[in-house]
Amino acid sequence: MKFVHKIVEPSNGDFQLLVAALNSVLTQITSDSGENSFVSDAFDSSKDGCIVVYLNNVAVGCGVFRYHESEVCELKRMYSSKPGAGSYLLKQLECYAIEKGYRKAVLSTRRVNSKAVRFYERNSYSESCAYGKYVGTSRSICLSKKLVT
């Protein structure tokens with residue numbers, strides 16, 4: 001399979017459709033869509049990034065990173081509907097984040113979302129200290145990865 005990606009804004013129609021699918025899946029898994037964790041109005045293209053992945057001109061994955069702190073970005077709204085699209089998407093997000101000067105990525109997901117936790121662990125993310133609103137929230141797991149050594 002040959003995936004391609006586009007750098008887009010969160011207002012992009014394909015991104016919006018994929019996020020709606022993500023919200024539905026997360027609601028089934030965790031009873032929470034997670035949509036309150038990402039406000040597209042706060043997106044700043046000078047330091048944030050948004051990508052949509054395509055297979056045969058069909059949108060099959062999306063993800064965002066946003067500024068977290070100096071040289072650290074936070075991954076948000078990761079979703080893929082085709083095998084292989086998630087790994088491709090993650091690699092593209094990481095490369096784009098490095099281009100914007102980030103050296104580390106952090107993220108949070110629900111522990112009950114074991115498929116997501118395993119995916120990130122397979123891609124060299126490891127459990128890290130909770131941050132922000134996730135501090136003291138046992139249902140969430142925070143993960144991180146150095147992008148640049």
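Since we're looking at a predicted model, the values are computed, not measured.
Lys100 NZ: more than 12 foreign heavy atoms inside a 6.0 Å radius.
Residues passing the side-chain hydrogen bond (donor to acceptor under 3.5 Å, both in side chains) test with Tyr120: none are found, sequence neighbours excluded. With sequence neighbours excluded, the residues forming a side chain to side chain contact (heavy atoms under 4.5 Å, CB included) with Val72 are His68, Glu69, Lys104, Val106, listed by chain and number. The side chain to side chain contact (heavy atoms under 4.5 Å, CB included) check on Ser108 picks up Tyr131, Tyr134, Ser140, Cys142, with sequence neighbours excluded. In this structure Tyr102 satisfies the ring-ring contact (aromatic ring centres under 6.0 Å, His included) test together with Phe65, sequence neighbours excluded. In this view, Thr109 and Asn113, Ala116, Val117, Ile141 satisfy the side chain to side chain contact (heavy atoms under 4.5 Å, CB included) rule, not counting sequence neighbours. When the side chain to side chain contact (heavy atoms under 4.5 Å, CB included) test is applied to Ser124, the partners found at least two apart in sequence or on another chain are Lys145. A search for side-chain hydrogen bond (donor to acceptor under 3.5 Å, both in side chains) contacts involving Arg111 returns Glu127, not counting sequence neighbours. Partners of Glu71 according to the side-chain hydrogen bond (donor to acceptor under 3.5 Å, both in side chains) rule, which considers only residues two or more places apart in sequence or in another chain, do not exist here.
Separation of atoms SG (Cys62) and NZ (Lys6) is listed at 14.5 Å; rounding is to 0.5 Å. Atom CG of Leu93 is separated from atom SG of Cys73 by 8.5 Å, given to the nearest 0.5 angstrom.
Panel note: side chain Lys82, backbone Phe3; no donor-acceptor pair is recorded below 3.5 Å. A donor-acceptor pair under 3.5 Å is absent between the side-chain atoms of Asn12 and the main chain of Val8, judged by distance alone.
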Contacts under 3.5 angstrom, residues 46-55 side chains, donor-acceptor by atom type, not counting sequence neighbours:
residue	atom	partner	partner atom	Å
Ser46	OG	Asp44	OD1	2.6
Ser46	OG	Asp44	OD2	3.3
Asp48	OD1	Tyr67	N	2.9
Asp48	OD2	Asp44	N	2.8
Tyr54	OH	Asp14	OD2	2.6

